[in-house]
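Start at 1 and go down the list; that is how both ligands and their atoms are numbered.
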Amino acid sequence: MKTNSEQVFPEDFLWGGAIAANQAEGAYAEDGKGLSVVDVSPEGIMNGIKADSDEVNLYHEGIDFYHRYKEDIALFAEMGFKAFRTSIAWSRIFPKGDETEPNEKGLKFYDDLFDELLKYGIEPVITISHFESPFHLVKEYGGWKNRKMIEFFTRYCEVIFNRYKDKVKYWMGFNEINHAHTMPHIAAATKVEENENRLQVIYQASHHEFVASAIATKLCHEIIPDAKMGAMLSLSSVYPNTCHPDDVFETYELRRRTLFYSDVLLRGKYPNYIYRIWKEYHVNVEMEENDLELIENYTADYLGFSYYRTTTHKTGDPILENTGGVIGTPNPYLETTPWGWQIDPKGLRLVLNEVYDRYQKPLLIVENGLGMTDEVEDGEVNDDYRIEYLRSHIEEMKEAIKDGVDLMGYTYWGPIDIVSAGTGEMKKRYGFIHVDRDNDGNGTMERKRKKSFDWYKKVIQSNGEDLD
Ligand code: BG6
């Protein structure tokens, strides 16, 4: 064991795990909860809203975290978690989204959940909107392309900040806000109609989310002066397919499509490059008088992000026209998961340096992990591949800290098996804790520690020093 002075990770490093309400809680219609956009996407967020579908919808019961959170949090505490990230399901608090009075039963649930975390000294890290806009707001108002969403979101924020001000000090606005580009129906709860200019809709919806984020930051600081409000982006990265300058420049443009979101949220200004794009694609973002001032004055305190993998880009692959999914040839230097995700620990160091160089604001890795089909053999799950994934990523985090990056913490994605966001299945598991439930919704929901459970516990205990 190294002495404190030799340790790379700061003493107060937030080791932990992360989930989202919609992928874990279940109880989708209990205690007054309304439907969210994910509740009507049985095949996952990549595959769109299917409101009238009678397909198996695993989100509806999730892993029953709503009723079993005490048991689950006890297991997180056993691993030594310092932080736990989850989201508040907006439609538990405002079932339709446009009410003026919140649903007390929904509020009470999160009171109890946060108390349970705090009982073990686990810091709640809360996403305000993790793909969970109330479905009613899409049907009735068209989602975030409608400016009225700012009003509904502000009311929701005011209610939760006031209610949880003594319990929650780490907040984040919209999960993977940059996915407004690839999944506007979920990330921006906005349907692009056939006769609409797709980019117009996306940038308009994003503008409303920027203003809403700024208002949320303002309110958060006023109501909870010792709290921090972060932005949250998907920062899985992209490399040029070759060193041809065209590939390199287009890859830069594609990366900028992503970083545009953190440029606005952390620097407080629309970057110069966006005006050319708007002109060329006939985008005219409507703004009100104070919008730019709000965006400038209330920037995010830190950048939270997810990082899973890297992809490649070659000249001519769509950039702004990309309507979702991964395009690009596989990188021959990297291993690939059964879901086609390429594992790239060094890419994490690169991203940490990239965004720290760009913003000089604290970073928080709020999602990173390995989704696999785990087999239970003789009652055990020997997930050495997950341990290897973690080890290699933590090693690169260490290098990034040595590079000078200010990293606040690491919340591993899906420390307990949950429903996959991308495909709505149970088979893609990330957990250190196995949950007995299959893709058809069968199973006892029993929880079981995997091999990685003790490994991660040891990592936390040694503050990231013992990675053997
Ligand atoms: C992120 C989302 O995009 O990726 C999570 O914020 C999601 O909600 C995670 O679960 C992993 O994706 P998937 O499809 O493997 O669940």
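For Glu335, the side chain to side chain contact (heavy atoms under 4.5 Å, CB included) test picks out no residue, with sequence neighbours left out. Glu43 is linked by a side chain to side chain donor-acceptor pair (under 3.5 Å) to Lys50, counting only residues two or more places apart in sequence or in another chain.
Among all protein heavy atoms, the one lying closest to atom 7 (C) of ligand 1 is Ala421 CB, 3.5 Å. What sits closest to atom 14 (O) of ligand 1 on the protein, heavy atoms only, is Gly422 N, 2.7 Å. Looking at atom 10 (O) of ligand 1, its nearest protein heavy atom turns out to be Gln23 NE2, 2.9 Å. Closest to atom 2 (C) of ligand 1 among all protein heavy atoms lies Glu367 OE1, 3.3 Å. Remark: minimum distance from atom 12 (O) of ligand 1 to any protein heavy atom is reached at Trp341 CH2, 3.6 Å. Ranking the protein heavy atoms by distance from atom 11 (C) of ligand 1 puts Tyr430 OH, 3.4 Å first.
Electrostatic pairing of Lys105 and Glu30 does not count as a salt bridge here, judged by no charged N lying under 4.0 Å from a carboxylate O.
Between atom 3 (O) of ligand 1 and the options Lys428, Glu425, Glu176, the minimum heavy-atom separation is to Glu176.
Note on ring orientation: taking the six-membered ring where Trp is involved, the planes of His179 and Phe131 are tilted (angle from 30° to 60°). Taking the six-membered ring where tryptophan is involved, the planes of Phe210 and Tyr270 are perpendicular, since the angle between them exceeds 60° and thus also 30°. Ring planes of Tyr164 and Phe114: perpendicular class, angle over 60° (limits at 30 and 60°). The aromatic rings of Trp90 and Tyr156 lie parallel to each other, their planes meeting at an angle below 30°, with 60° marking the opposite boundary.
Ligand 1 has no nitrogen or oxygen under 3.5 angstrom from a nitrogen or oxygen of His179.
Using a 4.0 Å cut-off to heavy atoms of Ser420, the atoms of ligand 1 that qualify are 13 (P), 14 (O), 16 (O). Near Asn175, meaning under 4.0 Å from any of its heavy atoms, are these atoms of ligand 1: 6 (O).
Under 3.5 Å, the side chains of Thr127 and Asn175 contain no donor-acceptor pair of N or O atoms.
Residue Tyr308 places a heavy atom under 4.0 Å from ligand 1.
Residue contacts with ligand 1, taken as heavy atom pairs separated by less than 4.0 Å, do not involve Met46 at all.
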